[in-house]
Amino acid sequence: MILPRAFYLREDVVQIAIDLLGKYLITEIDGERTVGKIVETEAYRAPEDKASHAYNYRRTPRNEHMYAEGGTAYVYICYGIHHLFNVVTNVRDIPHAVLIRAVEPVENVELMLLRRNRSVLQPKITAGPGAAGVAMGIRVGHSGLDLTSVDSPIWLEDRNLKLEENEIIASPRVGLSTAEEWTGIPWRFRVKNSIFTSKPK
DNA sequence: AAGAGGATGAACT
DNA sequence: GTTCATCCTCTTG
């Protein structure tokens, strides 16, 4: 089942980041379908979260889609190279988002390898937000897509996979400038026994 | 108009 | 562990 709008509209973005583990990310781009199981996420909760692009309701053309209704895609380029895929949550004008940091290849692994220019399947194919984005074919042009629409080339599904609480590991977020009080907050979540996650901090 | 630097990854040593 | 690729966006003047 496609994750419904109500899943994204909830207030607690941290809980949504946890709930997204074990869900499936499907893309159908250029007629090619790939599927990955989400195994690592990070929550960003502006306006109070200093690590968010939308801290203190900061609003620019780049992060405009963070203010869209929950269930919208927010993709942006990091370090000039990496296309990072986020899921916007909460109601319009509340800029909450969950960064998808890693997925496990499920369907069409050959295409993922091709996109990553690799020949053997290993964890780094889809571990890390930049790598996962490339493997799934996601680019900045996909920012603003409605993930709940049947016409969207990107959507998420619940396939009735249930994770126990002890299978989920929380840790601090990465890539943030140090000496920020938000740096140590454990809003990064991963599936315990998956080898397809990026390195802990 | 110019410059700094970023929610990273890969290829080095 | 360290470096660097690569470029767009935002800030400052």
Side-chain angles (χ1 to χ4, degrees), chain A residues 8 13-14 16-18 20-21 25 36 38-68 70 72-90 94-105 112-145 147 154 169-191 194-201:
Chain A
Y8 302 103
V13 66
V14 175
I16 294 175
I18 294 170
L20 280 172
L21 295 176
L25 173 62
I38 297 171
V39 291
E40 187 178 336
T41 61
E42 256 177 28
Y44 286 86
R45 199 180 71 190
E48 65 269 34
D49 184 355
K50 276 192 176 174
S52 171
H53 292 160
Y55 169 61
N56 199 22
Y57 289 113
R58 191 179 138 82
R59 196 159 182 160
T60 67
R62 175 176 77 150
N63 71 9
E64 176 63 30
H65 290 131
M66 288 189 93
Y67 291 85
T72 301
Y74 169 49
V75 185
Y76 77 97
I77 294 194
C78 183
Y79 296 106
I81 304 171
H82 310 291
H83 298 237
L84 271 55
F85 174 69
N86 298 254
V87 173
V88 176
T89 71
N90 213 314
I94 302 292
H96 290 184
V98 176
L99 170 66
I100 305 302
R101 292 194 52 88
V103 301
E104 245 177 58
M112 293 191 194
L113 290 171
L114 191 63
R115 283 169 172 161
R116 297 276 289 117
N117 201 19
R118 294 289 188 282
S119 53
V120 289
L121 180 61
Q122 44 189 337
K124 67 179 179 182
I125 292 297
T126 52
V134 173
M136 299 296 295
I138 295 171
R139 302 181 283 273
V140 279
H142 296 122
S143 199
L145 281 178
L147 300 172
I154 303 173
I169 301 174
S171 63
R173 295 178 293 181
V174 286
L176 317 181
S177 53
T178 52
E180 298 276 6
E181 63 264 39
W182 292 88
T183 307
I185 299 187
W187 280 356
R188 182 188 197 186
F189 304 98
R190 71 181 62 239
V191 176
S194 175
I195 58 170
F196 289 90
T197 58
S198 55
K199 282 197 282 193
K201 193 170 191 175

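Chain naming here is simple, since letters A, B, ... match the order of the sequence lines and numbering starts at 1 in each.
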| Out of A:Val98, A:Ile169, A:Ile18, which residue meets the side chain to side chain contact (heavy atoms under 4.5 Å, CB included) rule with A:Phe189? | A:Ile18
| note | Rounded to whole Å, NZ of A:Lys124 lies from C1' of B:dA10 at a distance of 7 Å
| task | Find the distance A:His83:NE2 to B:dA7:C1' and express it as a whole number of Å. | result | 15 Å
| query | Between B:dT8, C:dT9, B:dA11, which nucleotide has the shortest distance from any of its atoms to the side chain of A:Arg118? | reply | B:dA11
| remark: Whole-Å distance, A:Tyr55 OH to B:dA7 P, equals 15 Å
| message | Tell me the interatomic distance from A:Ile81, atom CD1, to B:dG5, atom P, rounded to whole angstroms. | response | 17 Å
| task | Could you tell me whether A:Arg101 and A:Glu42 make a salt bridge, using a distance below 4.0 angstrom between a side-chain N and a carboxylate O? | result | yes
Ignoring hydrogens and angles, write down the donor-acceptor pairs under 3.5 Å from the side chains of residues 124-131 of chain A, residues two or more places apart or on other chains.
| residue | atom | partner | partner atom | Å |
| --- | --- | --- | --- | --- |
| A:Thr126 | OG1 | A:Val103 | O | 2.6 |

| note | Value for CZ (A:Arg45) from CD1 (A:Ile185), rounded to nearest 0.5 Å, stands at 7.5 Å
| How far apart are the closest heavy atoms of A:Thr197 and A:Glu40, and which atoms are they? | CB-OE1, 3.2 Å
| field | Whole-Å gap separating P (B:dA11) and CG (A:Asn117) | value | 10 Å
| query | What is the ring orientation for A:Tyr76 with A:Tyr74, classed by angle as parallel under 30°, tilted 30 to 60°, or perpendicular over 60°? | reply | parallel
| task | Among B:dA10, C:dC10, B:dA7, find the nucleotide with the atom closest to the side chain of A:Leu99. | result | B:dA7
| request: May I ask you to verify whether the side chain of A:His82 and the base of B:dA7 hold a donor-acceptor pair under 3.5 Å? | output: no
| message | From CZ of A:Phe196 over to C1' of B:dG9, roughly how many Å is that when rounded to an integer? | response | 17 Å
| note | Intra- and inter-strand pairing of DNA chain B, written as dot-bracket with Watson-Crick and G-U pairs under 3.5 Å and | for the latter, reads ||||||.|||||.
| message | Under the criterion of centre distance below 5.5 Å and interplanar angle below 30°, is A:Tyr79 classified as stacked on the base of B:dG9? | response | no
| Which part of the nucleic acid does A:Arg59 contact within heavy-atom distance under 4.0 Å: base, sugar-phosphate only, or nothing? | nothing
| field | Nearest-Å distance for atom pair CZ/P, residues A:Arg116 and B:dT8 | value | 15 Å
| note | Correct closest heavy-atom pair for A:Arg139 and A:Val75 would be O-CG1, 3.6 Å
| For atom CG of A:Asn63 and atom C1' of C:dC8, their distance in whole Å | 14 Å
